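To keep things clear, I will list the structure first and then write my remarks on it.
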Amino acid sequence: MAEIKPFFCIRPSQELASRVAALPYDVYNRKEACEEVKKEPLSFLAIDRAETQFDESVGTYEEKVYQKAKELLEERIQSGVFVEEEKECYFLYQLTMNGRSQTGLVACASIDDYQNQVIKKHENTRADKEADRIHHVDTCNAQTGPIFLAYRSNLVINQITEEVKKEKPLYQFVSSDGIGHTVWRIEEEERIAVIRKTFAAIEQIYIADGHHRAASAVKVGLKRREEHPAYTGQEEFNYFLSVLFPDDQLMIMDYNRVVKDLNGYAIEEFLERVGESFVVEKVGETPYAPAQIHEIGMYLDGIWYRLKAKPEVCVTHPVEGLDVSILQNTLLAPILGIGDPKTDKRIDFVGGIRGLEELERRAKTDMKVAFAMYPTSIGQLFDVADANLLMPPKSTWFEPKLRSGLFIHRLDK
């Protein structure tokens, strides 16, 4: 059963929260991160990406970069940019985008639940990407970026959430990208007890986004256990910072594909090959977003097409039945020669937040053909994770993104 506990939160002072809150560290390249920190020096990116404090002669992963992150975090706690809660609390974190809101519980999840599959994964992680966050968390002695978790909606948690949201929020602001952020603190012992007991009866929780942050946090916890062989399991390093959302509030956006060339095919020949697995319908110059599962929009040479997968390629397997798998297995690999989309330089991925116009732009500039996908559903994500399988790369794009810096979890309170 899931252990989801309150924690001693370090968070921005009320008047500085909007300036501190930052998009996740991996949304930016180094140049973009430097520009963000220059615009707003209090941005949490200065800590999450401390290479922004050095010129380019200092490498992103040098030891002095991690030490600078620790130094900045401690300085800002001492100066009052951040305040420390005096008791263990939960928080509610509501994000609003285009008039649509989702509200999650900010808490700490157990590294044992991650290890024993109560918290389920649907992606592999890369050791090189883990190494950076392991070093960052270990050096700062704190988790600074929450893991985006999902669970099947629960009436008890929903009821408490609605009660708390009627109260005065701790933070309420709109970030520069138009996303609304509202935070409430849950400090009443009775509510905390009910929330903790309710989650203890939930059998599965799922990582929606943040697999590398989760894996890194767990590995730091296991490292601390080795360093403290008399550990009890209750130390803070046994838990990692999370925001847990009910599944019925989440929105997964499409994660689209663009390919550099037609692998030597002429357009008519290519369309003929595509027709082996799809019913191909010319739509015209109007951008086409697929309306249902097993439909794909394709943009080629200024024309949009509707591709409807034929019944024989629509399998019921949790992974192979995903639209991203059908596209890969019947078109990208056998026709366009994209064998491994993780490493092939001829393919790129475009998050749905960028719109169909971005697919058109790419197909007219550095790419040749674009594919607009129907979004993977949260139910499909759960099915893959429940089967202990992994999704293909770039299957899900979650919006809006959780901000870093609003909630910090120390590993040794």
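Heavy atoms only: backbone and side chains are in, while hydrogens, waters and symmetry mates are out. All of these numbers come straight from a predicted model, not from anything done at the bench.
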Not counting sequence neighbours, which residues clear side-chain hydrogen bond (donor to acceptor under 3.5 Å, both in side chains) with [X]? List them please.
X: Asp383; value: none
X: Gln115; value: none
X: Gln14; value: none

Contact summary for [X] and [Y], nearest pair of heavy atoms:
X: Ala2; Y: Ile205; result: CB-CD1, 3.5 Å
X: Trp184; Y: Glu167; result: NE1-O, 2.9 Å
X: Cys89; Y: Ile192; result: CA-CD1, 4.4 Å

In the structure I gave you, are the side-chain heavy atoms of [X] and [Y] within less than 4.5 Å of one another anywhere?
X: Glu163; Y: Arg191; result: yes
X: Tyr93; Y: Phe407; result: yes
X: Ile207; Y: Leu149; result: yes
X: Pro318; Y: Val384; result: yes
X: Val20; Y: Phe82; result: yes
X: Gln292; Y: Lys308; result: yes
X: Leu155; Y: Gln159; result: no

Got a second to check how far [X]'s [atom1] is from [Y]'s [atom2], nearest 0.5 Å?
X: Asp254; Y: Arg354; atom1: CG; atom2: CZ; answer: 12.5 Å
X: Arg257; Y: Gln328; atom1: CZ; atom2: CD; answer: 8.0 Å
X: Tyr171; Y: Arg403; atom1: OH; atom2: CZ; answer: 15.0 Å
X: Glu84; Y: Cys9; atom1: CD; atom2: SG; answer: 9.5 Å
X: Phe398; Y: Ile353; atom1: CZ; atom2: CD1; answer: 13.5 Å

Do [X] and [Y] pair up side chain to side chain, a donor and an acceptor below 3.5 Å, judged on atom types alone?
X: Glu130; Y: Thr125; value: yes
X: Asn238; Y: Arg225; value: yes
X: Thr396; Y: Asp209; value: no

Less than 6.0 angstrom from the centroid, inside 45 degrees of the normal: does Lys121 satisfy that with respect to the ring of Tyr114?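 Verdict for Tyr114: a cation-pi partner in Lys121.
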Within 45° cone and under 6.0 Å: Arg133 NZ/CZ vs Tyr25 ring
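That pair qualifies as a cation-pi contact.
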Next on the checklist: Between Glu62 and Gly59 (side chain of the first, backbone of the second, donor and acceptor by atom type, cut-off under 3.5 Å), is there such a pair?
Outcome noted: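 Yes; judged by distance alone, with no hydrogens or angles, the pair exists.
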Is the backbone N or O of Gly233 less than 3.5 Å from a side-chain atom of Glu235, with the two atoms forming a donor-acceptor pair by type?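 Such a contact is found between Glu235 side chain and Gly233 backbone.
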Does the distance from a Lys or Arg side-chain N to an Asp or Glu carboxylate O, for Glu227 and Lys223, drop under 4.0 Å?
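Yes, this pair counts.
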